[in-house]
Engineer: 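Structure incoming, see below.
Remember, it's 1-based here, ligands and their atoms both numbered in the order they're listed.
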Amino acid sequence: MDPLLMGIVNVTPDSFSDGGRFLDPEAAIRHGRQLAAEGADILDIGGESTRPGADPVELDEELRRVVPVVEQLSSLDLRISIDTMKARVAREAIDAGASVVNDVSALRFDPELVGVVADAGADLVLMHMLGEPRTMQDDPRYDDVVADVKAFLEERLEHAVGQGVREDRIWLDPGIGFGKTLEHNLELIARLDELVAIGRPVVFGASRKSFLAKLTGRLVHERLAGTIATTVIAYQRGARVFRVHDVAPNVDALKVAGATVGRR
Ligand code: HH2
């Protein structure tokens, strides 16, 4: 599978990297068009921040934020992903043109979500998170982070398939930064091939995340070079979908990585 670039479109006041910049739907739509022009294959539209410590968003508010943006951006020649944990939001986004559901709770938050995905025949991203956003960075611990995340994703995959989602529609994501220390994130990136071995495409989202600051000391908007380093390494380890804020530089990085990896 060729790598896919998933451009991030946040319609939130509080996302860690660009919270508030695109809360106005018009700004979010302009931003989505820009990412499409830069070469995104998918736009991931979210109305609820899941950064550490973030507060949950009410259903009506989330719908109000994302549905008009999905509607407008679905006329573009690319795929739309809805980043939500809620069945109603997924349902309305699919009706408005989304074909991927990106659930950071991996179907643990809303029991109705799996049925919505199965009925629509949508693609589904199942992501690992330890606990919930409000508390996930409070002293996360694992026996072996890669083995634990792998076992979790295998169990969630089995659950989704058991509930009627086609296996070939499911993508898996280690959830970089979701209940993980710097060491955990680095271990997951270094051993990503062990998750790829499950046999489903692996989604990778490290763009601008705070572990990069622990290594480089950079502010959130200065983390592109660090992000690109993770994109290339994750690609080399077998990840195939890259959720990023800065699409154009990651497209170039993947072109170079793709032309090089696999020659030997
Ligand atoms: N990270 C965030 C949100 N959604 N989805 C997937 N599949 N993988 C991720 O790593 C992932 C995700 C981070 O959330 P937030 O704090 O809202 O910020 P942003 O959307 O700017 O990344």
Side-chain angles (χ1 to χ4, degrees), residues 4-23 28 31-32 35 40 42-57 62 65-66 69 79-86 89-90 93 98 100-109 113 117 122-130 132-134 136-137 149 152-153 156-157 160 170-180 184-185 188-189 192 195 200-213 219-221 223-224 226-227 230-231 234 239-247 250:
L4 300 176
L5 255 298
M6 184 185 248
I8 299 169
V9 179
N10 284 319
V11 202
T12 56
D14 57 348
S15 282
F16 76 95
S17 74
D18 52 12
R21 280 185 63 202
F22 309 115
L23 183 56
H31 185 60
L35 298 184
I42 305 166
L43 293 178
D44 187 40
I45 299 168
E48 176 172 42
S49 174
T50 45
R51 74 180 158 74
D55 286 324
V57 171
E62 194 177 337
R65 290 179 185 176
V66 297
V69 178
R79 305 189 59 193
I80 302 294
S81 162
I82 178 71
D83 187 347
T84 190
M85 301 190 282
K86 301 190 183 85
V89 177
V100 181
V101 174
N102 175 21
D103 176 15
V104 299
S105 86
L107 304 176
R108 292 176 301 159
F109 179 78
L113 182 55
V117 174
D123 286 311
L124 174 64
V125 182
L126 297 172
M127 196 198 78
H128 176 272
M129 167 166 47
L130 192 69
E132 47 155 345
R134 223 164 28 78
M136 66 190 177
Q137 288 305 110
V149 168
F152 172 90
L153 292 174
R156 291 288 83 195
L157 174 64
I170 300 174
W171 304 344
L172 304 175
D173 186 329
I176 297 298
F178 283 84
K180 280 120 189 159
H184 295 144
N185 290 318
L188 281 164
I189 297 170
L192 211 54
L195 304 181
R200 299 304 313 143
V202 167
V203 180
F204 181 75
S207 187
R208 299 183 187 172
K209 284 187 177 168
S210 67
F211 78 101
L212 299 171
L219 298 173
V220 72
H221 284 286
R223 297 179 193 160
L224 176 58
T227 299
T230 66
T231 296
R240 283 299 174 265
V241 185
F242 297 85
R243 182 182 181 278
V244 296
H245 300 88
D246 306 284
V247 170
N250 280 286

Engineer: Residues in salt bridge (Lys or Arg N to Asp or Glu O under 4.0 Å) with R240, at least two apart?
Structural biologist: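 So R240 forms no salt bridge (Lys or Arg N to Asp or Glu O under 4.0 Å) with any residue.
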
Engineer: Sequence neighbours left out, what passes salt bridge (Lys or Arg N to Asp or Glu O under 4.0 Å) with R51? Give chain and number order.
Structural biologist: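 Applying salt bridge (Lys or Arg N to Asp or Glu O under 4.0 Å) to R51 gives D14.
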
Engineer: I'd like to check the salt bridge (Lys or Arg N to Asp or Glu O under 4.0 Å) partners of D44; sequence neighbours left out, ordered by chain and number.
Structural biologist: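 Once residues adjacent in sequence are excluded, the partners of D44 under the salt bridge (Lys or Arg N to Asp or Glu O under 4.0 Å) criterion are R243.
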
Engineer: Under 3.5 Å, is there a donor-acceptor pair between the side chain of T227 and the main chain of R208?
Structural biologist: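 Flag set: sc T227 to bb R208 pair under 3.5 Å.
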
Engineer: List below, pair by pair, the N or O atoms of ligand 1 and of the protein that are less than 3.5 Å apart, including the distance to 0.1 Å; reply 'none' if no pair qualifies.
Structural biologist:
from     : atom 1 : to   : atom 2 : distance (Å)
ligand 1 : 1 (N)  : K209 : NZ     : 3.1
ligand 1 : 1 (N)  : R243 : NH1    : 3.4
ligand 1 : 4 (N)  : D83  : OD2    : 3.0
ligand 1 : 4 (N)  : R243 : NH2    : 3.3
ligand 1 : 5 (N)  : N102 : ND2    : 3.1
ligand 1 : 7 (N)  : N102 : OD1    : 2.8
ligand 1 : 7 (N)  : N102 : ND2    : 3.4
ligand 1 : 7 (N)  : D173 : OD2    : 2.8
ligand 1 : 8 (N)  : D173 : OD2    : 2.7
ligand 1 : 10 (O) : G205 : O      : 3.3
ligand 1 : 10 (O) : K209 : NZ     : 2.7
ligand 1 : 14 (O) : T50  : OG1    : 3.1
ligand 1 : 16 (O) : R51  : N      : 3.1
ligand 1 : 17 (O) : S15  : OG     : 3.3
ligand 1 : 17 (O) : T50  : N      : 3.2
ligand 1 : 20 (O) : N10  : OD1    : 3.0
ligand 1 : 20 (O) : N10  : ND2    : 3.3
ligand 1 : 20 (O) : R243 : NH2    : 2.8
ligand 1 : 21 (O) : N10  : ND2    : 2.7
ligand 1 : 21 (O) : H245 : NE2    : 2.8
ligand 1 : 22 (O) : R243 : NH1    : 3.0

Engineer: Take D103 and S105 through the side chain to side chain donor-acceptor pair (under 3.5 Å) test and state the conclusion after the steps.
Structural biologist: CA-CA 5 Å; D103 176 15; S105 86; 2.9 Å; yes

Engineer: Using a strict threshold of under 4.0 Å (side-chain N to carboxylate O), is an ion pair present between E48 and K86?
Structural biologist: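 So K86 pairs with E48 through a salt bridge.
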
